[in-house]
Engineer: 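Supplied in structure tokens, the structure appears directly below.
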Amino acid sequence: MRRPLSFLFLPWLLGFLCTVHCSHAQTCRLRPKQVVHLGTGPQVPLSDGSSGTATSSTSLQPSQTSSASSSASAIPSITPFNYGTDIIRGVNLGGWFVLEPWITPSIFESTNNTDIIDEYTFGQMLDEDYALDVLQNHWATWITEDDFIAIKAAGLNHVRMQVGYWSIPITSADTKYNTSVAPYVPGAWPYLVRALGWARTHGVHVILDLHGAPGSQNGYDNSGRRGDADWAQGTNVNRTLDIIGFIATQIGDMIDVLEVLNEPAGYQSDIGSIIADYWQDAYDVVRQAAGSSLKVMIGDAFLGVDNWDGFLTGSSAQGVLMDYHEYQVFNYNQLAFSQDDHISSSCSVLGTLQAYAAKNLFTVSGEWSNAITDCAKWLNGRGVGARWDGTWQAGQQTFGSCDGLTGNSSSFSDNYKTFLRKYWESQVAIGEAVQGWIFWTWKAENADEWSYQRGLAGGWIPQDPTDSLYPDICS
């Protein structure tokens, strides 16, 4: 599976001239499409010396192609980031290369099929040509180079980018395991690579996150498929390791950190029993494929960071970061919090993460938001309501109306916006106390409390993330 970098460009070139389009029966045909021109102790601070290999071309070109030599001649450089010394301040680019119904509900509404609830069923139930056209338009427009410029201008130094296994162009030459991704629609890879070029051009570091694995690692729609979490079954784990190796080999020098799996359901016995071995194996695969410069990120697998005390520390495993996610909207007891309770609860995490990071891995608060309700449309899944207003499940506790708490921020009161600023600062304080933070997410169609972009426009997120109105909020 270890292939030299030049190997990558042959399938790209073919992809630029035509889109390889396979039916669910895996009968392939070529069809002209638009071309993406790609023009045992705490760790010591780490410095990333990689320079990247992406071009900075930014436009969709219908008749141009790329080559290995032309790409190599246009490599943007970026100042190395000193992990463990400098603070990660970043934002997730959610909903771009892995669809989430609540982030882009219009994509799902336009299908006129309520059974399409995730990216798996999107590919399964739609005409293949139509599905590909919709996705190509989405990949080309949801996040553009202007977004990277705006992210940099907002004082952020990282983006965390999500990708599903179905978008990785691994072939039978790279793995002995199954390479079929049906019914998913592949094709995002050149758009991803172009985005890495934009990031390098504009001085934004990248954490690339494998957000969806074969079989689904958590059964959430954000893994690509809502339902059962079957990642631990069959050859899925080994298949994932080969995918990680392919990513590290082919674009490892275009990214700063490779997160080897997002939110595996460690509370599920079959996944919980293997996740530590997977973290170790994935670390070894990355080191073999990309050497020591590429950082590796793991997560707490919903088990809490204390469960990972002493894991992957010391001289045998350098360059590893822990990703911690904190939301306060998916449990009834948290929804019952007052606004002050939400702030106190977020601040209470600070000490736990500080203590863990002091003697274990560099720790990043890698997903969190300004939301204090689950009111955002389809946040709990397409066709699923909210706990907050009782539309999720009958006979349960309710907390009030969703009006003025989600959707367009024009409905937000001044008092609510003031709280959103306080809440934002309380969670930033957590990340600033360890090795950094990454907000979820940069944009959403109709959930402004979740949007960094809308927070900047609305004033509850400062233009400079180091500006603080409440500097002692977690004291």
Side-chain angles (χ1 to χ4, degrees), residues 40-47 81-90 92 157-158 160 207 209 257 259-267 272 275-276 278-280 282-283 295-331 333-334 337 340-369 422-440 465-466 468 470-475:
T40 36
Q43 301 178 64
V44 296
L46 302 163
S47 176
F81 193 84
N82 294 313
Y83 293 93
T85 299
D86 299 334
I87 297 295
I88 295 171
R89 299 182 178 108
N92 286 278
N157 53 41
H158 276 72
R160 181 169 174 262
I207 299 170
D209 148 38
V257 181
E259 184 162 5
V260 293
L261 192 59
N262 177 68
E263 294 186 346
Y267 50 80
I275 190 57
Y278 174 75
W279 292 146
Q280 179 68 66
Y283 170 83
K295 310 306 176 287
V296 175
M297 181 172 275
I298 66 172
D300 72 344
F302 297 104
L303 301 174
V305 294
D306 289 342
N307 188 73
W308 301 99
D309 187 52
F311 183 71
L312 285 181
T313 59
S315 59
S316 63
Q318 288 297 298
V320 185
L321 297 89
M322 171 61 72
D323 182 18
Y324 176 82
H325 297 176
E326 172 75 6
Y327 295 113
Q328 298 179 13
V329 299
F330 297 113
N331 296 293
N333 64 322
Q334 293 175 316
F337 286 169
D340 287 343
D341 289 338
H342 278 289
I343 292 172
S344 297
S345 181
S346 64
C347 289
S348 71
V349 174
L350 190 154
T352 300
L353 296 189
Q354 263 190 323
Y356 170 81
K359 58 190 181 77
N360 289 283
L361 304 178
F362 295 151
T363 303
V364 180
S365 181
E367 285 191 26
W368 54 278
S369 83
K422 291 180 179 178
Y423 193 37
W424 184 86
E425 289 198 19
S426 73
Q427 296 183 92
V428 164
I430 299 170
E432 295 282 333
V434 284
Q435 281 69 52
W437 51 268
I438 310 167
F439 184 90
W440 188 279
T466 64
S468 178
Y470 310 96
D472 301 319
I473 196 163
C474 282
S475 298

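Numbers for residues simply follow the sequence, beginning at 1.
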Engineer: Using a 3.5 Å distance criterion without hydrogens, assess whether the side chain of Ser369 forms a donor-acceptor pair with backbone atoms of Glu367.
Structural biologist: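 Answer holds: no.
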Engineer: Quick check: does any side chain N or O of Ser345 sit under 3.5 Å from a backbone N or O of His342, one acting as donor and the other as acceptor?
Structural biologist: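 A pair under 3.5 Å: no.
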Engineer: Would a distance-only check, ignoring hydrogens and angles, find a side-chain to backbone donor-acceptor pair under 3.5 Å from Gln435 to Gly431?
Structural biologist: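 Pair absent, no side-chain N/O of Gln435 close to backbone of Gly431.
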Engineer: Donor-acceptor pair, distance only, cut-off 3.5 Å: does the side chain of Asp323 make one with the backbone of Ile298?
Structural biologist: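 Answer holds: no.
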Engineer: Under the 3.5 angstrom rule, does the side chain of Asn157 hit a backbone N or O of Ile88 as a donor-acceptor pair?
Structural biologist: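 Looks like no, no N/O pair under 3.5 Å.
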Engineer: Decide whether Asp300 and Asn307 meet the rule of one side-chain donor and one side-chain acceptor closer than 3.5 Å.
Structural biologist: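 Distance-only check fails for Asp300 and Asn307.
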Engineer: For Tyr283 and Gln318, indicate whether the former's side chain and the latter's backbone hold a donor-acceptor pair under 3.5 Å.
Structural biologist: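 The answer is yes, because a donor-acceptor pair under 3.5 Å joins these two groups.
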Engineer: Any chance you could lay out the side-chain contact (heavy atoms from CB on, under 4.5 Å) test for Val364 and His158, step after step, and finish with the verdict?
Structural biologist: CA-CA 12 Å; Val364 180; His158 276 72; over 6 Å; no
Engineer: Would you please test Ile430 and Glu326 for side-chain contact (heavy atoms from CB on, under 4.5 Å) and show each step?
Structural biologist: CA-CA 10 Å; Ile430 299 170; Glu326 172 75 6; 5.5 Å; no
Engineer: When you measure from the side chain of Asn92 to the backbone of Gly366, do you find a donor-acceptor pair of N or O atoms at a distance under 3.5 Å?
Structural biologist: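 Yes, the answer is positive, given that a donor and an acceptor are paired below the 3.5 Å cut-off.
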Engineer: Looking at Tyr356 and Gly304, would you say the former's side chain and the latter's main chain have a donor-acceptor pair under 3.5 Å?
Structural biologist: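 Judged by distance alone, no pair lies under 3.5 Å.
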Engineer: Apply side-chain contact (heavy atoms from CB on, under 4.5 Å) to the pair Tyr324 and Thr352, showing each step before the final yes or no.
Structural biologist: CA-CA 11 Å; Tyr324 176 82; Thr352 300; over 6 Å; no
Engineer: Is the closest side-chain donor-acceptor distance between Ser346 and Gln427 under 3.5 Å?
Structural biologist: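 Ser346 vs Gln427: no donor-acceptor pair found between side chains.
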Engineer: Looking only at non-hydrogen atoms, find the nearest pair between Ile473 and Ser426 and report the distance.
Structural biologist: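 Heavy atoms only, the tightest pair is CG2-CA, 3.7 Å.
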